[in-house]
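Here is the structure we will look at, set down as structure tokens.
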Amino acid sequence: MSLQKYYARFREDRRAKTDDRSIVKMEHIVTRFPPSPTGSLHIGGARTALFNWLFTRNRGGRFILRIEDTDVERSTDESVKAIMDAMEWLELTWDEGPYFQTNRLDVYSEYAKKLVDSGNAYWCQCTPEELEMRRNAAMAEGRKPKYEGACRTKAFGPGPNRVLRFRAPDTGTTVLRDIIKGAIEFDNSELDDLVIVKSDGIPTYNFAVVVDDITMGVTHVIRGDDHVNNTPRQILIYQALGEKLPEFGHVPMIHGEDRSPLSKRHGATSVMEYKKMGFLPEALVNCLVRLGWSYGDQEIFSRSELIEKFTLENIGKSPSIFTMEKLLWLNAHYIKEKRPEELVSPLRPFLALRNYTDKSDAYLAGAIRTLQTRSHTLVEMADAMRFYMVDEVEFDPAAADEFLTPEIGKVFELIISELSNLETFDENSLETVFRKIVADLGIKFGKIAQPVRVALTGATKSPGLFEIIEVLGKKSVVERLQKGLKYTRER
RNA sequence: GUCCCCAUCGUCUAGUCUGGUCCAGGACACCGGCCUUUCACGCCGGCGACGCCGGUUCAAAUCCGGCUGGGGACGCCA
């Protein structure tokens with residue numbers, strides 16, 4: 001599929017969902033999620049997107065997807081797709097976009113020109129190498145490694161290998177009034193003249209975001225804590241442009257178990273990896289939202305509840321650690337909660353991966369129902385499903401050895417004949433038959449349960465006997481019992 | 001190094017703004033028990049934290065200061 005068509009697909013999607021918003025109060029809130037397409041959507045980015053999305057849906061605003069691809073070297077179409085796929089899986093629908101910064105170069109030039117004309121920007125021809133050296137020297141001497149303004153007064157015009165720098169004030173303070181963190185004051189002397197247009201004519205991040213947020217009418221900038229230090233620079237640019245500031249809210253970071261930034265060595269970082277591991281999107285969403293945000297003691301939230309209850313005020317200030325423990329529990333919860341039929345299609349890919357022969361939706365749903373309280377993930381479920389899917393089960397040697405004994409053979413014969421004559425093959429009648437057999441033989445049900453279980457599933461652990469028998473059906477059950485019987489005779 | 005942020009059970013967190021109702025509540029994980037045809041589910045119980053020091057106060061998890069620890073930023077990356 002071409003990228004164009006791909007985007008169009010999402011556009012269609014959006015149109016369909018736009019009307020939902022009219023039922024919510026409109027407050028003209030505009031937010032955005034601006035990933036840079038240099039990889040897949042990861043846990044941290046997903047949570048930022050989720051917070052923005054929830055905030056916007058709660059307030060009845062517009063949520064924009066903007067692709068920040070000004071790093072031409074590292075940006076790829078593949079990443080754009082990966083990010084949109086992940087957002088689609090999490091159902092983080094956007095109302096506008098995706099916009100691409102590389103398509104908006106004219107807009108940035110226009111704003112760059114404004115800054116040059118007003119004396120707030122100047123051309124600089126210091127080379128990256130020189131800059132690097134000066135930075136290192138400053139660090140070595142314990143000084144803040146900032147640009148000292150060598151080209152400030154040279155009045156260069158644009159030219160090859162020249163960059164445009166923003167002329168930052170040397171004195172005074174800039175205050176960031178953060179919705180989440182409160183007021184943070186920065187000494188302007190800490191800031192330097194940052195590059196806003198690179199020598200290839202492409203704007204840098206700090207400039208492009210500001211121009212985009214201004215021109216797209218963004219009212220609330222909600223992003224990761226790692227952007228706090230960029231914010232005073234951006235505020236200065238807003239001011240130089242004479243524009244009104246948006247509200248800023250910086251959400252605390254998510255770390256790995258050793259409190260270092262979340263990375264591959266902490267396990268899966270990409271949202272789609274969690275899909276592959278058999279997690280349900282609602283579980284990931286529920287897990288992610290509780291990292292930094294809370295609503296009293298409540299742990300489980302439906303999507304509509306989240307939209308209703310989400311506010312920025314309930315976001316905490318301290319960073320959190322992402323572990324899979326709660327996610328696993330949440331996933332198990334949602335697996336239990338769903339109707340078996342709803343799990344059929346999400347489970348199918350996992351079944352296919354195991355090369356099981358295909359079964360009907362109804363059969364699958366029946367099998368799923370027996371495994372819902374026993375699975376933390378779809379992977380676990382697909383694995384546990386094996387005995388439902390194969391024609392012939394292979395006995396676990398230890399289990400067969402312990403339970404498929406010669407003595408149990410006679411019992412099997414009786415069960416086989418009773419079951420063969422049974423008309424209605426449901427849990428209730430099954431239970432009646434077994435209780436009768438047990439009573440006739442004068443033994444405890446526990447005596448025969450494990451042997452039958454081994455014959456039917458090959459293992460000592462499984463869902464309840466009667467549910468298994470009902471799902472498997474008479475033919476398969478009788479065959480398996482006969483195979484078990486054969487084993488007891490031939491051992 | 002400089003600047004900025006953060007700090008409650010192992011983890012996610014409530015409580016901190018508006019000190020007393022908190023010898024700190026919930027959830028996950030872990031441990032024990034019950035239920036039981038196995039395994040799970042479920043239910044009941046247990047373990048377990050206000051980083052440290054000082055100050056303010058009749059009273060501090062809550063306010064103030066310092067320390068320590070962790071994180072972030074300091075790019076012609078975003």
Side-chain angles (χ1 to χ4, degrees), chain A residues 34-38 68-71 73-75 101 124 126-128 131-132 135 138-147 161-165 176 178 181-182 184-187 189-192 194-200 202-206 208-209 224-232 250 252-253 255 257-261 287 290-300 316-330 332 336 370-376 384 399 403 431 434 438 444-450 452-454 457 459-466:
Chain A
S36 85
T38 53
E68 309 222 324
D69 56 352
T70 51
D71 185 345
E73 297 290 307
R74 297 192 301 149
S75 296
Q101 291 187 321
C124 162
C126 298
T127 66
L131 261 17
E132 175 80 31
R135 259 196 299 272
M139 288 269 232
E141 287 168 40
R143 298 194 330 267
K144 179 126 182 149
K146 51 180 252 184
Y147 180 69
N161 296 117
R162 285 188 184 158
V163 299
L164 190 65
R165 281 183 188 273
L176 157 60
D178 194 279
K181 310 177 87 77
I184 304 173
E185 227 171 273
F186 296 87
D187 222 318
S189 62
E190 291 294 328
L191 279 16
D192 63 357
L194 72 158
V195 173
I196 56 175
V197 178
K198 304 182 220 175
S199 54
D200 59 4
I202 295 176
T204 59
Y205 161 75
N206 277 302
V209 237
D225 239 357
D226 50 341
H227 288 288
V228 169
N229 290 282
N230 285 321
T231 312
H250 289 92
M253 311 256 72
H255 293 138
E257 295 197 59
D258 56 358
R259 289 180 192 284
S260 70
C287 184
R290 286 287 286 100
L291 247 37
W293 178 84
S294 62
Y295 191 81
D297 285 339
Q298 189 170 344
E299 298 284 348
I300 308 278
K317 293 182 179 183
S318 44
S320 50
I321 295 174
F322 176 77
T323 64
M324 297 235 308
E325 290 173 357
K326 208 123 185 194
L327 175 58
L328 243 11
W329 171 72
L330 248 7
K336 269 178 290 212
T370 71
L371 291 168
Q372 279 175 290
T373 60
R374 279 162 252 263
S375 312
H376 290 92
F403 293 109
E431 175 146 16
F434 272 86
V438 167
K444 286 197 170 173
F445 183 67
K447 266 290 186 206
I448 65 170
Q450 286 303 74
V452 172
R453 191 184 311 280
V454 173
T457 70
T460 54
K461 302 174 180 179
S462 83
L465 232 38
F466 307 129

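Keep in mind the model is a prediction, meaning the values are calculated, not measured. Within every chain, numbering begins at 1; the chains are lettered A, B, ... in the order of the sequence lines, protein sequences first and strands thereafter.
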Check whether A:Lys198 reaches the backbone of A:Thr70 with its side chain - one donor and one acceptor, N or O, closer than 3.5 Å. yes

In whole Å, what is the span from the CE atom of A:Met139 to the C1' atom of B:rU2? 9 Å

Checking B:rG10, B:rU37, B:rC12 against the side chain of A:Arg290 (C-beta onward), the nearest is B:rC12

Give none if B:rG1 has no partner; otherwise give the nucleotide forming a Watson-Crick or G-U wobble pair with it, both distances under 3.5 Å. B:rC74

Toward the 5' end of RNA chain B, by each residue's nearest nucleotide, A:Ser462 or A:Tyr147: A:Ser462

Nearest-angstrom distance, C1' atom, B:rU56 to B:rU62: 13 Å

Provide the distance between the two C1' atoms, one in B:rA49 and one in B:rA14, to the nearest whole Å. 13 Å

Rounding to an integer number of angstrom, what distance separates B:rG48 and B:rU11 when you compare their C1' atoms? 12 Å

Any donor-acceptor pair under 3.5 Å joining the side chain of A:Ser199 to the base of B:rC76? yes

With respect to the phosphate group of B:rU36, does any side-chain polar atom (N or O) of A:Lys461 fall under 4.0 Å of OP1 or OP2? no

Using a heavy-atom cut-off of 4.0 Å across all strands, would you classify A:Val163 as base, sugar-phosphate, or nothing? base

Can you tell me the distance, in whole Å, between the CG atom of A:Leu131 and the P atom of B:rC76? 6 Å

Would you say a side-chain N or O of A:Lys336 is under 4.0 Å from OP1 or OP2 of B:rA40? no

With P as the reference atom in both, quote the distance from B:rG20 to B:rA60 in angstrom, rounded to an integer. 11 Å

Atom CG of A:Asn230 and atom P of B:rC5 are separated, to the nearest Å, by 15 Å

Can A:Asp192 and A:Lys144 be counted as an ion pair, charged N to O under 4.0 angstrom? no

Rounded to whole Å, CZ of A:Phe322 lies from C1' of B:rG10 at a distance of 16 Å

Rounded to whole Å, how long is the line connecting atom CD of A:Glu299 with atom P of B:rG25? 16 Å

Give a yes or no on whether a donor-acceptor pair under 3.5 Å exists between the nucleobase atoms of B:rA7, that is its base, and the side chain of A:Lys317. no

Whichever of A:Asp187 and A:Gln101 has the more 5' nearest nucleotide on RNA chain B, that residue is A:Asp187

A:Leu176 has an atom CG; how far is it from atom C1' of B:rA73, in whole Å? 13 Å

How many Å lie between NZ on A:Lys146 and P on B:rG75, as a whole number? 12 Å

Pairwise C1' distance for B:rG72 and B:rC34, with rounding to whole Å: 50 Å

Integer angstrom distance from the P of B:rU21 to that of B:rC63: 15 Å

Regarding B:rC17, purine or pyrimidine glycosidic angle vs 90° from 0 gives anti

What is the distance, to the nearest angstrom, from the CZ atom on A:Arg135 to the P atom on B:rU2? 19 Å

What nucleotide among B:rC76, B:rG72, B:rC12 has an atom nearest to a side-chain atom of A:Ile321? B:rC12

Scan every strand shown for a Watson-Crick or G-U wobble partner of B:rC67, both distances under 3.5 Å, and answer none if you come up empty. B:rG51

Between B:rG10, B:rC74, B:rU37, which nucleotide gets closest to the side-chain atoms of A:Ala449? B:rU37

Residue A:Lys326, side-chain atoms from C-beta onward, closest of B:rC28, B:rC3, B:rC76: B:rC28

Side-chain N or O of A:Ser320 less than 4.0 angstrom from OP1 or OP2 on B:rU13? yes

Using the C1' atom as the point on both nucleotides, what is the distance between B:rG69 and B:rC50, in whole Å? 16 Å

When you compare B:rA78 with B:rU16, how far apart are their C1' atoms, in angstrom units rounded to a whole number? 35 Å

